[in-house]
Amino acid sequence: MVELYTGDLEIEKICGKWYKWSLDKNFGAMVSFIGTVREEKGIEGLSFDVYEPILQEWFASWQKKAKERGAVIKMAHSIGNVAVHSSSFIAAVFSPKRRVALELIDEFVEDFKANAPIWKYDLKNGERIYARDRSQKISGSGILNSL
Amino acid sequence: MVELYTGDLEIEKICGKWYKWSLDKNFGAMVSFIGTVREEKGIEGLSFDVYEPILQEWFASWQKKAKERGAVIKMAHSIGNVAVHSSSFIAAVFSPKRRVALELIDEFVEDFKANAPIWKYDLKNGERIYARDRSQKISGSGILNSL
Amino acid sequence: MVRVEFLGPIGKAPIEVEAKSLKDVAKELQKDPELKKWLEECAVAVNDKLVNTLDIELKSGDKISLLPPVCGG
Amino acid sequence: MVRVEFLGPIGKAPIEVEAKSLKDVAKELQKDPELKKWLEECAVAVNDKLVNTLDIELKSGDKISLLPPVCGG
């Protein structure tokens, strides 16, 4: 299950919890990715909408892929506002083999960016502005316009 | 500089310190790799010798490569004995761009395995046995035998 | 009646539509000029499963979701 | 005299060798049958810089290091 939190992520707490969980599982490698809000274009922060039913299903399909390679994936994401220089996303892959962990984190993060049902907004002067130009169409988009 | 510690690494402390350091540097992505000693073949743990002068120079050359891509690398490693289910290695890449971070951590960890001057021993029945079969020749090996 | 939900930035309240297939839903939504730009860009889920075709029969109570372009992380 | 150090698992104390080049060092080390297997596998550093050739002149006080196969992490 994806862990969802309102506001920014307490990275040290989440990461510490996952690390401790992993220690007696005999994984040799843990690779983690942390996403932190950058200060740019005068934004105060970012804000996120998440559609949980499809997100959890998307994540479950990745967990299945990971399991087939002897690995486990964990992920946490923010809902709502996250200030500049705070973190909104963390994912980690645990695996007996380092190659599997390094390859999976890359594939997982790229697919997350392309297909996870999460919408991003810039926070500017208190307004919430959809980050359309940085967003990607989910595969299969446009069918409602195809008649 | 590589951070070297006697015995196993306090991962949460090191990782927390690096994460806090990074927050106001405007990196969007932090990708980290943690290596933990697996229980296998009845070992009690692993032990490491490190040759620091060449290790630091090797690391400095990677820091230079990272800098050219707008990134920073950090690394810590154990010296001496590390028990099963404890960690001996952590590396992290910080970058404004996620692709740079994901690619650099992979290249860095693979080159680390192939060329960092660190020697690994199995700890078995209190003995220290060189892990020759898992070790790799540094590039350029064998020249002393080439006359 | 099926329920149509507009996720994320579309910012439109859910509507109920009379439809026997996803094609019927598409026809209905195309009548709304404000939705025009979203229809081009949105993925579609039926009962929280993403679908790739309009050839899907619907029954009363089904949930259709429109998912605009995403950007997590 | 140059100093030759045997790193990691070689487990041999450093020695002093009379040598004007790395080639001289190689000839000297090849006389020791116990080093034979290590010479095939070891990389070589002169004053902590890895080198790829024996065509290197040495001066008194230089440090030669033998680095056997590595496995960090």
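Just so we're on the same page: letters track the sequence lines, and every chain starts at 1.
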Problem - Among the listed options D/G8, D/P9, D/A45, the residue most often paired with chain B at heavy-atom distances under 4.5 Å - result: D/P9

Handout entry: Which atoms of B/A91 approach chain D - backbone, side chain, both or neither, heavy atom under 4.5 Å
Key = neither

Handout entry: Non-hydrogen side-chain atoms of B/I143 and D/L54 separated by less than 4.5 Å
Key =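 In short, these two side chains touch, coming nearer than 4.5 Å.
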
Handout entry: Minimum heavy-atom distance between D/L50 and B/I138, given as atom pair plus value
Key =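 For D/L50 and B/I138, the tightest heavy-atom pair comes out as CD1-CG2, 4.2 Å.
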
Practice task
Would you give the length of the straight line joining atom CG of D/L7 to atom CD1 of B/I54, rounded to the nearest 0.5 angstrom?
Solution key: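 It is 7.0 Å, given to the nearest 0.5 Å.
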
Exercise for the section: Hey, could you give me the CG/CG distance between B/L144 and D/L22, rounded to the nearest 0.5 Å? Expected result: 6.0 Å

Practice task
Please flag which part of D/L67 lies under 4.5 Å from any non-hydrogen atom of chain B: side chain, backbone, both or neither.
Solution key: both

Exercise for the section: Can you sort out the partners of B/K20 under side-chain contact (heavy atoms from CB on, under 4.5 Å), two or more places apart, ordered by chain and number? Expected result: A/E12

Practice task
Using a cut-off of 6.0 Å, state whether more than 12 heavy atoms not belonging to B/K67 lie near its atom NZ.
Solution key: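 Counting neighbours around NZ of B/K67, 12 or fewer heavy atoms of other residues, nucleotides or ligands fall under 6.0 Å, so no.
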
Handout entry: B/K65 atom NZ, neighbour heavy-atom count above 12 within 6.0 Å
Key =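 Atom NZ in B/K65 is packed in, count exceeds 12.
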
What donor-acceptor contacts under 3.5 Å connect chain B and chain D, backbone and side chains included?
from, atom 1, to, atom 2, distance (Å)
B/Y51, OH, D/D48, OD1, 2.6
B/Y51, OH, D/K63, NZ, 2.8
B/E57, OE2, D/K49, NZ, 2.9
B/H77, NE2, D/G73, N, 2.9
B/S88, OG, D/G73, O, 3.3
B/K113, NZ, D/G72, O, 2.8
B/I118, O, D/C71, N, 2.9
B/W119, NE1, D/P68, O, 2.8
B/W119, NE1, D/P69, O, 3.3
B/Y130, OH, D/P69, O, 2.6
B/R132, NE, D/E41, OE1, 3.3
B/R132, NH2, D/E41, OE1, 2.5
B/Q136, N, D/V70, O, 2.8
B/Q136, O, D/V70, N, 2.8
B/S141, OG, D/E41, O, 3.3
B/S141, OG, D/A43, N, 3.3
B/G142, N, D/C42, O, 2.8
B/L144, O, D/Q30, NE2, 2.7

